[in-house]
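Below: one structure, written as structure tokens.
What you see below is based on every heavy atom in this structure, not just the backbone, and it leaves out hydrogens, waters and symmetry mates. Residue numbers count from 1 along this sequence. All values reported here derive from a predicted model rather than from experimental measurement.
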Amino acid sequence: MIGTGKIHVLYGNGKGKSTSLAGMTLRAASHGLKVLYYQFFEEKSPGERLILDQIKGVTCLPGPEKVKKYQLLNSDEKKEWKRYYLKAFDEIVKFCPNFDMLILDNMLDALALGIISEEKLFTFLDRKPRGLEVILTGKDITARLEETADYITYLEKVKHPADEHKISREGIEY
């Protein structure tokens, strides 16, 4: 273990949150740390996970086969999403004591949508294994997380091809 694990938050409307997580995962694994990696609202195998899955000490948990944008879901689909992601989070909580680092990509978005409650997240953070480093990402940070986190990084997009409705490119944006 790495001592007292810290809480990291990377947030904002900027490109680079998931890419930063890939770098943090590589750094941790290169030092022999065991990393558990999960992405909310991502399909089973987004680009970076294809390679991260092959690294010794890194465990990437799969997401659902297909993910629709939340705004396009009907009320029944939203309820199903909530059940799915609550179950996934509960499993992660049970599984994480075997790891040095837990990465929860898009967790802040799950909070903002009410899929995972802030109370549930903080119950976990308050009881997490002492040495577990936890990294959370998403668009917006809550006041409580801002007060609690040990590291906070804000990423702001200045310019992006998506602003001009250009198509995302494999290997670059995903």
Side-chain angles (χ1 to χ4, degrees), residues 1-31 33-53 55 57-63 67 69-70 85 88-89 92-93 95-96 99-126 128-163 168-169 171-174:
M1 286 289 179
I2 54 178
T4 302
K6 305 291 186 197
I7 299 169
H8 306 246
V9 176
L10 289 80
Y11 80 104
N13 196 22
K15 180 181 177 340
K17 293 180 292 289
S18 298
T19 306
S20 293
L21 294 180
M24 294 173 87
T25 301
L26 289 172
R27 180 183 299 129
S30 74
H31 288 279
L33 300 178
K34 295 188 319 187
V35 179
L36 182 59
Y37 190 102
Y38 186 72
Q39 292 178 298
F40 288 88
F41 317 126
E42 296 287 344
E43 293 183 359
K44 190 173 183 178
S45 294
E48 57 272 4
R49 284 207 332 241
L50 297 175
I51 195 74
L52 292 176
D53 264 335
I55 298 170
V58 176
T59 300
C60 295
L61 299 175
V67 175
K69 287 192 180 283
Y70 186 79
Y85 286 117
F89 184 71
I92 290 164
V93 167
F95 199 50
C96 74
F99 292 85
D100 303 299
M101 179 179 282
L102 172 62
I103 291 176
L104 296 172
D105 196 9
N106 302 318
M107 170 55 95
L108 303 181
D109 302 329
L111 286 175
L113 293 169
I115 291 173
I116 305 291
S117 72
E118 191 172 52
E119 220 35 62
K120 187 169 190 72
L121 174 62
F122 272 90
T123 297
F124 162 67
L125 293 175
D126 292 341
K128 74 176 185 61
R130 183 179 173 274
L132 184 66
E133 206 80 7
V134 178
I135 297 95
L136 311 169
T137 71
K139 289 193 177 17
D140 297 305
I141 190 170
T142 67
R144 190 170 174 193
L145 262 176
E146 193 165 357
E147 184 179 306
T148 305
D150 300 290
Y151 298 85
I152 298 175
T153 302
Y154 175 71
L155 293 100
E156 181 179 8
K157 173 189 62 90
V158 175
K159 183 178 180 182
H160 193 288
D163 297 336
S168 296
R169 297 169 298 148
I172 306 300
E173 284 89 18
Y174 69 95

Minimum heavy-atom separation for [X] to [Y], with atom names?
X: Lys6; Y: Glu133; answer: N-OE1, 3.1 Å
X: Leu52; Y: Cys60; answer: CB-SG, 3.8 Å
X: Leu10; Y: Lys17; answer: O-CD, 3.7 Å
X: Val134; Y: Lys128; answer: CG2-CD, 3.6 Å
X: Glu118; Y: Arg144; answer: OE2-CB, 3.5 Å
X: Ile55; Y: Ala29; answer: CG2-CB, 3.7 Å

Hey, what do you get for [atom1] ([X]) to [atom2] ([Y]), rounding to the nearest 0.5 Å?
X: Leu155; Y: Ser20; atom1: CG; atom2: OG; answer: 5.5 Å
X: Leu26; Y: Met24; atom1: CG; atom2: CE; answer: 11.5 Å
X: Ile152; Y: Ile141; atom1: CD1; atom2: CD1; answer: 4.0 Å
X: Leu102; Y: Phe95; atom1: CG; atom2: CZ; answer: 11.0 Å
X: Thr4; Y: Asp150; atom1: OG1; atom2: CG; answer: 9.5 Å
X: Thr148; Y: Asp126; atom1: OG1; atom2: CG; answer: 7.5 Å

Could you walk me through whether Leu145 and Leu125 pass the side chain to side chain contact (heavy atoms under 4.5 Å, CB included) test, one step at a time?
CA-CA 10 Å; Leu145 262 176; Leu125 293 175; 4.2 Å; yes

For the CZ atom on Phe122, are there more than 12 heavy atoms of other groups (residues, nucleotides or ligands in this structure) within a distance under 6.0 Å?
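Enclosed.
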
Within the side chain of Tyr38, is there an N or O that forms a donor-acceptor pair under 3.5 Å with the backbone of Phe89?
no

Tell me which donor-acceptor pairs under 3.5 Å the side chains of residues 103-114 have, and how far apart each pair is, sequence neighbours excluded?
| from | atom 1 | to | atom 2 | distance (Å) |
| --- | --- | --- | --- | --- |
| Asp105 | OD1 | Ser18 | OG | 3.4 |
| Asp105 | OD1 | Thr137 | OG1 | 2.4 |
| Asp105 | OD2 | Ser18 | OG | 2.6 |
| Asp105 | OD2 | Gln39 | NE2 | 2.9 |
| Asn106 | ND2 | Phe40 | O | 2.8 |
| Asp109 | OD1 | Lys139 | N | 2.9 |

Please assess Leu136 against Tyr11 for the test side chain to side chain contact (heavy atoms under 4.5 Å, CB included), listing each intermediate value before the final yes or no.
CA-CA 8 Å; Leu136 311 169; Tyr11 80 104; over 6 Å; no

Just to verify, what does Lys157 make a side chain to side chain donor-acceptor pair (under 3.5 Å) with, not counting sequence neighbours?
Asp163

Do Leu132 and Phe124 pass the side chain to side chain contact (heavy atoms under 4.5 Å, CB included) test, and can you show the C-alpha distance, the side-chain angles, and the key distance before you say yes or no?
CA-CA 11 Å; Leu132 184 66; Phe124 162 67; 3.9 Å; yes

